[in-house]
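Counting from 1, the numbers follow the sequence of the chain as shown.
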Amino acid sequence: QVQLVESGGGLVQAGGSLRLSCAASGSGFSINGMGWYRQAPGKQRELVARISSGGKTTYGDSVKGRFTISRDNAKNTVYLQMNSLKPEDTAVYYCMQEILMGGDYYARNYWGQGTQVTVSS
């Protein structure tokens, strides 16, 4: 089974920065798109950022100009650099990787365990 392990969450003051990482373990697979989603208590999960296998990026409107998504294919890792953080960014952040297992014809979405980001005012 493929596992995604997230790190980098924590408590930060408004205006500060955090960098999240998410690495996929295992072998015998390739990765297509990668992304970050977030969810606050009682709220639905929303897209934060996505990066395709070719490096094309997409951002949610609320984070454009503040967050940057990137990937390191050699490390099976996706990053989220978060700058100018606001209290409204407080949520559990989940990474997602679209993984194609050897022998399969299409990729499946795998999710990280989630990491808490708390931004104080």
**Q.** Cationic tip of R19 above Y79 ring, under 6.0 Å, 45° of axis
**A.**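 Yes, R19 sits over the ring of Y79.
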Q: Test the R50-Y59 pair against the cation-pi criterion, namely NZ or CZ under 6.0 angstrom from the six-membered ring centroid and within 45° of the ring axis.
A: no
Q: For side-chain contact (heavy atoms from CB on, under 4.5 Å), just list the numbers for V48 and M82, CA-CA rounded to whole Å, side-chain angles, deciding distance to a tenth of an Å, and then say yes or no.
A: CA-CA 11 Å; V48 176; M82 303 185 292; over 6 Å; no
Quick one, [X] and [Y] - any side-chain contact, counting heavy atoms below 4.5 Å?
X: F67; Y: L18; value: no
X: S21; Y: E6; value: no
X: I69; Y: V78; value: yes
X: I99; Y: R108; value: no

What's the separation between atom [atom1] in [X] and atom [atom2] in [Y], rounded to the nearest 0.5 Å?
X: S53; Y: N32; atom1: OG; atom2: CG; value: 5.5 Å
X: L100; Y: Y105; atom1: CG; atom2: OH; value: 11.0 Å
X: S120; Y: L11; atom1: OG; atom2: CG; value: 5.0 Å
X: C95; Y: L80; atom1: SG; atom2: CG; value: 10.5 Å
X: Q3; Y: Y110; atom1: CD; atom2: OH; value: 10.5 Å
X: Q97; Y: S30; atom1: CD; atom2: OG; value: 11.5 Å

[X] side chain to [Y] main-chain N or O, any donor-acceptor pair under 3.5 Å?
X: T90; Y: V119; answer: yes
X: D104; Y: Y106; answer: no
X: R71; Y: S52; answer: yes

Q. Quick check, are the ring centers of W111 and Y37 under 6.0 angstrom apart?
A.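 Here the rings of Y37 and W111 have centres that are less than 6.0 Å from each other.
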If you compare all heavy atoms of [X] against all heavy atoms of [Y], which two are closest, and at what distance to 0.1 Å?
X: C22; Y: L4; value: SG-CB, 3.9 Å
X: G114; Y: V92; value: CA-CG1, 3.8 Å
X: I31; Y: A24; value: CD1-CB, 4.4 Å
X: A23; Y: T77; value: CB-OG1, 3.4 Å
X: S25; Y: V2; value: O-CG1, 3.7 Å
X: A14; Y: P87; value: CB-CD, 4.1 Å

Q) Any salt bridge between E88 and R38, counting N to O under 4.0 Å? A) no
Q. Is the closest basic N to carboxylate O distance between K86 and D89 below 4.0 Å?
A. no
Q) Should L85 and L20 be regarded as members of a common hydrophobic cluster, given that ILVMFWY residues are connected when their side-chain heavy atoms come within less than 4.5 Å of each other, either directly or indirectly? A) yes
Q.
Is there a path of hydrophobic side-chain contacts, each under 4.5 Å between heavy atoms of I/L/V/M/F/W/Y residues, joining L47 to Y94?
A.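 In one cluster with Y94: L47, yes.
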Q: For W36 and M96, run side-chain contact (heavy atoms from CB on, under 4.5 Å): C-alpha distance rounded to whole Å, both residues' side-chain angles, the deciding distance at 0.1 Å, then the answer.
A: CA-CA 6 Å; W36 290 94; M96 184 279 295; over 6 Å; no
Q: Kindly indicate, with the supporting measurements, whether the criterion side-chain contact (heavy atoms from CB on, under 4.5 Å) is fulfilled by S70 and Q81.
A: CA-CA 8 Å; S70 61; Q81 179 66 47; over 6 Å; no
Q | Residue pair Q113 / T115, side-chain donor-acceptor N/O under 3.5 Å | A | no
